[in-house]
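Keep in mind that what you see is a predicted model, and the values were worked out from it rather than measured. For this chain, numbers begin at 1 and follow the sequence in order.
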Amino acid sequence: MQTWITDFMEQFGYFGIFLMLTLENVFPPIPSEVILPFGGFMTTTTHMTITGVLIASTAGSLLGAVILYWIGRLLDVDRLERIVERWGGLLRISGKDIRKADAWFDKYGYWTVLFCRMIPLVRSLISIPAGMSGMKFGVFMLFTAIGTLGWNLLLVLLGAALGESWEDIAGYIGTYSSFVYAIIAVGLLVLGVLFYRKRLNAGKVRG
């Protein structure tokens, strides 16, 4: 995938960066840790500038975030709650659980959107619950832009500074990503166990 990404960016320049970052947000397996450092490296070998790469990459990231945000709006909480009330029994999830999660996001969602832009995988998917919770679009875009700009600037500058060694960044970010994925997996496992035990205890009480 890396060769295809870099070839595409070399052929289409700023537009290639814009399109790659749009796809990276909608399809997280496309790695920003390859796109952004290579974009920074290209500023040392072509007419492209750091400012231009930053604008193209941030614009692409924002477009991808908007797409996922509106997907979330289509899946709004009321609709999801109706689905859960019908089928949630299979997973032991109720409409009340959905409302609690939505209330939490309403309270902490803005800061969650901001900081999650620095976390692999989550940085893309966080746009969906933001849309589902009905977060104000303008505020969503502001926090998304700030978080995305910081992430993009860091990797582009590192790519430009390291030059031909830009691929080293992908290795470091890959390690960081693996660490984050492991934390997410453990967190989901713990939550699943706690959720199951809560339901099990509730069933014993009713029994």
Going from CZ on F41 to OG1 on T6, what distance comes out if it is rounded to the nearest 0.5 angstrom?
10.0 Å
Heavy-atom side-chain proximity of N25 to L63 below 4.5 angstrom
no
CG of L155 to CZ of F38, rounded to nearest 0.5 Å, is 14.5 Å
Shortest non-hydrogen contact from W4 toward M20:
CH2-CE, 3.5 Å
Nearest heavy-atom contact between I50 and A160 is CD1-CB, 4.1 Å
Where do L36 and L21 land on the side-chain contact (heavy atoms from CB on, under 4.5 Å) test, with the steps shown first?
CA-CA 9 Å; L36 294 169; L21 263 297; 4.2 Å; yes
May I ask you to test the I71-L68 pair for a side-chain heavy-atom distance under 4.5 Å?
yes
Heavy-atom pair of closest approach, residues M48 and M42:
SD-CE, 3.4 Å
Return the minimal non-hydrogen interatomic distance between Y69 and K136, and the atom names on each side.
OH-C, 4.1 Å
Shortest non-hydrogen contact from A130 toward V113:
CB-CG2, 4.1 Å
For the student: nearest non-hydrogen atoms of T144 and A65, plus distance:
CG2-CB, 3.9 Å
Taking T148 for the side chain and A145 for the main chain, is one N or O donor matched with an acceptor at less than 3.5 Å?
no
Is there side-chain contact between N152 and S61, with at least one heavy-atom pair below 4.5 Å?
yes
I5 CD1 to L19 CG distance, which is reported to the nearest 0.5 Å
11.0 Å
Any I35 side-chain heavy atom under 4.5 Å of E24 side chain:
yes
Taking I55's backbone N and O only, do any of them form a donor-acceptor pair with T58's side chain (distance below 3.5 Å, no angle check)?
no
For residues 7-17, which side-chain donor-acceptor pairs fall under 3.5 Å, sequence neighbours excluded?
| from | atom 1 | to | atom 2 | distance (Å) |
| --- | --- | --- | --- | --- |
| Y14 | OH | T49 | N | 2.8 |

Side-chain touch V66/M141, heavy atoms, less than 4.5 angstrom:
yes
